[in-house]
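Everything on this sheet refers to the single structure shown next.
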Amino acid sequence: MRPSFIDSSGAFSECNSDRSGEFSSPGSPITGAGSDSVGGSAAAIHRLLISCAADNSDEVISSLIADLDSPSASIDQQRRAAMELRLLAKHNPDNRLKIARAGAVRPLVSLLSHPDPILQENGVTAILNLSLCDENKDLIAASGAIKPLIHALKVGTPAARENAACALLRLSLIEEHKVTIGRYGAIAHLVDLLQNGTPRGKKDASTALYSLCSTKENKIRAVKAGIIRPLLDLMSDSEYGMVDKAASVLYAVVGVSEGLAAAVQEDGIPVLVELIEIGTPRQKEIAASTLLLICEQNVQCRSMVVREGAIPPLIAMSQSGSSRAKQKAEALIDLLRQQRSAPSG
């Protein structure tokens, strides 16, 4: 169960349809796919207009799936078909169900492991856009998408990795898929994206990890994959704007003994105390909740929290925070005072 301070915080925005855009940015393998800059722009505009047209969408969808699935189709034809389907699913929610019902999921899933980076990226992104429709999630998973999505998460372009993380997040909203995603090895690659990805990649990875780490098994996997250090680094550095997200994921993983031990070993207590001192009200509440969880489970940690000087900022928090924050601060203060008054030896 998610604590109420996270449910209402808005710390996590959903991974919605792809944000890489129709007009590819420099560095994407899709850039330069056209024969020239003028022709490429004209083709991109043409694709966008088609994607927004609903009147002929059934015919367009059937034609594109046929191009994608034809054994005689060229790479360029497949690239174009995958891009069109991706855009149709992005711009028109009704098309997401139409595309899936027309049989596009299986050929799109086959692109997720394709050696051509353009095809893989468009396949991943099309699957992401289709997964925004709740009725498609089971079909996508049943079509064998989870393992190849994890493959794209591991080896794809930056955009493919980010959109694969988002697609896995969407599928993880169904509990049984969450278990499968963790069992198939996604957690380690999401932790790598959290640590080494672009700013957007870090945010997408943290959102997916937060969803997946609602199960004990995935929390343990995340700890074994080394999630604690990048979380603490992101909590200590506001440059990425991810203090809330990282703190929320940390709260999730310290709920298992392995996570608690790793957080203490990686010097997480000073980071949490500092958040209580200088963080935003939301960050203070998350940090206090995490320290309370740690101190309830580990008596030795209480003296460490006291030594870090947590009591004065907690007292201030208990006097000026929200009602929920005051409750957490007061409960933690009581535990710490018990520790200070306990007889030594």
If only atom types and distance count, is the side chain of [X] paired as donor or acceptor with the main-chain N or O of [Y] below 3.5 Å?
X    : Y    : value
R96  : K90  : yes
R302 : C295 : yes
S70  : A66  : no
T180 : E176 : yes
S206 : K203 : yes
S63  : V60  : no

Salt bridge (charged side-chain N to carboxylate O under 4.0 Å, His left out): which pairs involve residues 257-277, sequence neighbours left out?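 Of all non-adjacent pairs touching residues 257-277, those that pass salt bridge (charged side-chain N to carboxylate O under 4.0 Å, His left out) are R229-E266.
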Of all pairs that satisfy salt bridge (charged side-chain N to carboxylate O under 4.0 Å, His left out), the ones with a partner from residues 306-319, not counting sequence neighbours: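 Counting only pairs at least two positions apart or across chains, no salt bridge (charged side-chain N to carboxylate O under 4.0 Å, His left out) contact touches residues 306-319.
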Residues two or more places apart in sequence or in another chain: which of them pass salt bridge (charged side-chain N to carboxylate O under 4.0 Å, His left out) with [X]?
X    : answer
R161 : D192
D237 : none
E239 : none

Give a yes or no on whether [X] and [Y] share a hydrophobic cluster (residues Ile, Leu, Val, Met, Phe, Trp, Tyr; joining criterion: side-chain heavy atoms under 4.5 Å apart).
X    : Y    : result
I174 : L190 : no
L272 : V256 : no
L209 : I220 : no
V124 : I75  : yes
L292 : I315 : yes

Working to the nearest 0.5 angstrom, can you tell me the gap between [X] [atom1] and [Y] [atom2]?
X    : Y    : atom1 : atom2 : value
I294 : E296 : CD1   : CD    : 10.5 Å
Y251 : E285 : OH    : CD    : 10.0 Å
S303 : I269 : OG    : CD1   : 8.5 Å
N122 : M83  : CG    : CE    : 4.5 Å
T125 : N163 : OG1   : CG    : 4.0 Å
L97  : D134 : CG    : CG    : 11.0 Å

Yes or no on side-chain contact (heavy atoms from CB on, under 4.5 Å) for V179 and E217, after CA distance, side-chain angles and deciding distance? CA-CA 8 Å; V179 173; E217 294 79 7; 5.9 Å; no
Could you pull out the closest heavy-atom pair between [X] and [Y], with the gap in Å?
X    : Y    : result
C213 : A252 : O-CB, 4.1 Å
L64  : A81  : O-CB, 3.5 Å
G182 : I187 : CA-CG1, 4.2 Å
V191 : A222 : CG2-O, 4.3 Å
P313 : G309 : CD-O, 3.2 Å
A288 : K328 : CB-CB, 4.3 Å

Polar contact flag, side-chain donor to acceptor under 3.5 angstrom, [X]-[Y]:
X    : Y    : result
E121 : T157 : yes
T215 : K178 : no
T198 : E162 : yes

Checklist entry - Please walk me through it: do Q78 and D69 pass side-chain contact (heavy atoms from CB on, under 4.5 Å)? => result CA-CA 8 Å; Q78 289 184 305; D69 210 18; over 6 Å; no
Does [X] come within less than 4.0 Å of [Y], counting only side-chain N to carboxylate O?
X    : Y    : value
D58  : K98  : yes
D76  : R80  : no
R337 : D334 : no

Is there a side-chain contact between [X] and [Y] in this structure, where contact means two heavy atoms from C-beta onward sitting under 4.5 Å apart?
X    : Y    : value
N129 : N95  : no
R170 : L128 : yes
I276 : L291 : yes
K245 : L234 : no
K219 : V223 : no
V249 : I227 : yes
K326 : S323 : no
L108 : L130 : yes

**Study point:** From CA spacing to verdict: side-chain contact (heavy atoms from CB on, under 4.5 Å), L88, I61
**Key:** CA-CA 8 Å; L88 280 164; I61 289 167; 3.9 Å; yes
Donor-acceptor pairs under 3.5 angstrom involving side-chain atoms of residues 138-156: please list them, not counting sequence neighbours.
from	atom 1	to	atom 2	distance (Å)
D138	OD1	H177	NE2	3.1
S143	OG	L139	O	2.8

- Task: Could you go through the side-chain contact (heavy atoms from CB on, under 4.5 Å) check for S113 and Q120 one step at a time?
- Result: CA-CA 7 Å; S113 302; Q120 184 188 57; 5.7 Å; no
